[in-house]
Amino acid sequence: MSFLQPSGPVIDLGVNIDHVATLRNARGTVYPDPLHAAMLAEQAGADAITLHLREDRRHIRDADVIALRPLLVTRMNLEAAVTQEMIDFACSVRPQDVCLVPERREEVTTEGGLDVIRYFKQVETAVRQLQREGIRVSLFIDPDEQQIAASFEVGAPVIELHTGRYAEAEGDDAALAHELERIRASARFGVERGMRVNAGHGLHYTNVQAIAALDDIGELNIGHAIVAQAVFIGFEHAVRQMKAIMVDARLGIALDRQ
Ligand SMILES: CC(=O)[C@@H](O)[C@H](O)COP(=O)(O)O
Ligand SMILES: NCC(=O)COP(=O)(O)O
């Protein structure tokens with residue numbers, strides 16, 4: 001099994017620390033420190049630390065990325081837009097992973113997946129530049145087979161399926177089932193092409209189970225819900241709780257098959 005394939009019953013958790021920085025920046029203080037959150041997350045079982053350096057630096061700042069890189073024991077997954085500024089910065093920091101995401105300055109949060117088909121040449125150039133630095137590239141895309149095929153063609157070994165529409169479907173059982181099937185089928189389509197398939201956006205403590213149970217998913221990147229939970233039970237416990245829920249969902253399904 002290639003290292004890109006999901007490792008079966010084990011599913012990785014990438015903890016996104018963006019919104020620890022949101023709280024810090026709210027008052028311009030140095031606390032809460034996103035780096036401290038990252039250390040706690042790793043102690044609690046996180047398999048990677050994800051951080052989204054947005055063009056407007058509304059939460060994560062360049063200094064956070066630079067300072068965190070040498071401290072991590074697991075993996076840094078840096079999310080960034082497909083701009084020369086961001087690609088050059090990523091190449092200077094050299095995280096283990098870079099996930100290319102779309103970005104609209106006025107958006108409240110990431111609204112959709114990267115349109116690899118429309119921006120094929122720009123994405124291909126960015127992928128090649130990052131791979132020359134030994135960085136593993138992931139593309140944050142909608143669960144859409146044509147986008148997955150384009151991601152494969154552009155040479156990305158990893159995709160991350162945008163689970164936002166699944167999360168927004170909460171309360172509408174038919175829509176939820178439809179979005180879950182889209183994600184399941186997309187993950188299968190990607191794994192069949194030898195790609196590692198991750199997922200994320202809008203996942204929380206009661207909607208993550210169905211996604212974590214999908215055997216073809218290798219990693220979930222979760223941030224907002226963990227930071228929100230941490231307000232009440234602490235960051236380390238919030239991470240432990242999420243990881244336990246994910247593993248139970250994955251193993252639970254696996255055990256049911258035995
Ligand atoms: C790409 C993704 O889904 C996350 O990084 C998300 O963007 C979290 O950051 P924001 O809340 O700033 O969108
Ligand atoms: N790529 C998804 C991510 O990093 C975290 O998204 P969210 O859990 O903050 O919605």
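Note that ligands are numbered from 1 as they come in the structure, with each ligand's atoms numbered from 1 the same way.
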Peer 1: If you have a sec, work out which protein heavy atom is nearest atom 4 (O) of ligand 2 and how many Å separate them, to one decimal?
Peer 2: N16 ND2, 2.8 Å

Peer 1: Quick test of your reading of the model: are E168 and R165 salt-bridged, counting only N-O distances below 4.0 Å?
Peer 2: no

Peer 1: Does any N or O atom in T50 lie less than 3.5 angstrom from one in ligand 2, N or O only?
Peer 2: no

Peer 1: Salt bridge between R75 and D12, side-chain N to carboxylate O under 4.0 Å?
Peer 2: yes

Peer 1: May I ask you to decide whether R104 forms a salt bridge with E55, counting only side-chain N to carboxylate O separations under 4.0 Å?
Peer 2: no

Peer 1: Mark up the atoms of ligand 2 that fall under 4.0 Å of a heavy atom belonging to I222, in ascending order.
Peer 2: 8 (O)

Peer 1: With the threshold set at 4.0 Å, does a side-chain nitrogen-carboxylate oxygen contact exist between D18 and R58?
Peer 2: no

Peer 1: For atom 9 (O) of ligand 2, which protein heavy atom lies nearest, and how many Å away is it?
Peer 2: H224 N, 2.9 Å

Peer 1: Are any of the heavy atoms in E79 under 4.0 Å away from ligand 2?
Peer 2: yes

Peer 1: Do any heavy atoms of E79 fall under 4.0 Å from ligand 1?
Peer 2: yes

Peer 1: If the contact criterion is a heavy-atom separation under 4.0 Å, does H19 count as touching ligand 1?
Peer 2: yes

Peer 1: Do N16 and T50 get their side chains close enough for a donor-acceptor pair, meaning under 3.5 Å?
Peer 2: no

Peer 1: Starting from atom 10 (O) of ligand 2, locate the nearest protein heavy atom and write down its residue, its atom name and how far away it is, to 0.1 Å.
Peer 2: G202 N, 2.8 Å

Peer 1: Identify, for atom 6 (O) of ligand 2, the protein heavy atom at the shortest distance, and state residue, atom and that distance.
Peer 2: H201 CA, 3.7 Å

Peer 1: Of all the atoms in ligand 1, which lie at a distance below 4.0 Å from a heavy atom belonging to F140?
Peer 2: 3 (O)

Peer 1: Thinking salt bridges, do E219 and R196 make one under a 4.0 Å N-O criterion?
Peer 2: yes

Peer 1: Counting only heavy atoms, which portion of N221 has something under 4.0 Å from ligand 2: side chain, backbone, both, or neither?
Peer 2: both

Peer 1: Any side-chain donor-acceptor pair under 3.5 Å between Q147 and H162?
Peer 2: no

Peer 1: Taking non-hydrogen atoms only, is E160 closer than 4.0 angstrom to ligand 2 via side chain, backbone, both or neither?
Peer 2: side chain

Peer 1: Is there a donor-acceptor contact under 3.5 Å linking the side chains of N221 and E160?
Peer 2: yes

Peer 1: Answer with side chain, backbone, both or neither: which part of T50 has a heavy atom less than 4.0 angstrom from an atom of ligand 1?
Peer 2: neither

Peer 1: Which protein heavy atom lies closest to atom 2 (C) of ligand 1, and at what distance to 0.1 Å?
Peer 2: H201 ND1, 3.6 Å

Peer 1: Kindly say whether I245 contributes a backbone atom to a donor-acceptor pair with the side chain of D248 at under 3.5 angstrom?
Peer 2: no

Peer 1: May I ask you to identify the nearest protein heavy atom to atom 8 (O) of ligand 2, giving residue, atom name and distance to one decimal place in Å?
Peer 2: G223 N, 2.8 Å

Peer 1: May I ask you to list the atoms of ligand 2 that are less than 4.0 angstrom from any heavy atom of F140?
Peer 2: 1 (N)

Peer 1: Mind checking whether A225 has a heavy atom under 4.0 Å from ligand 2?
Peer 2: no

Peer 1: Are I60 and V93 connected in a single hydrophobic cluster, I mean Ile/Leu/Val/Met/Phe/Trp/Tyr linked by side-chain heavy atoms less than 4.5 Å apart?
Peer 2: yes

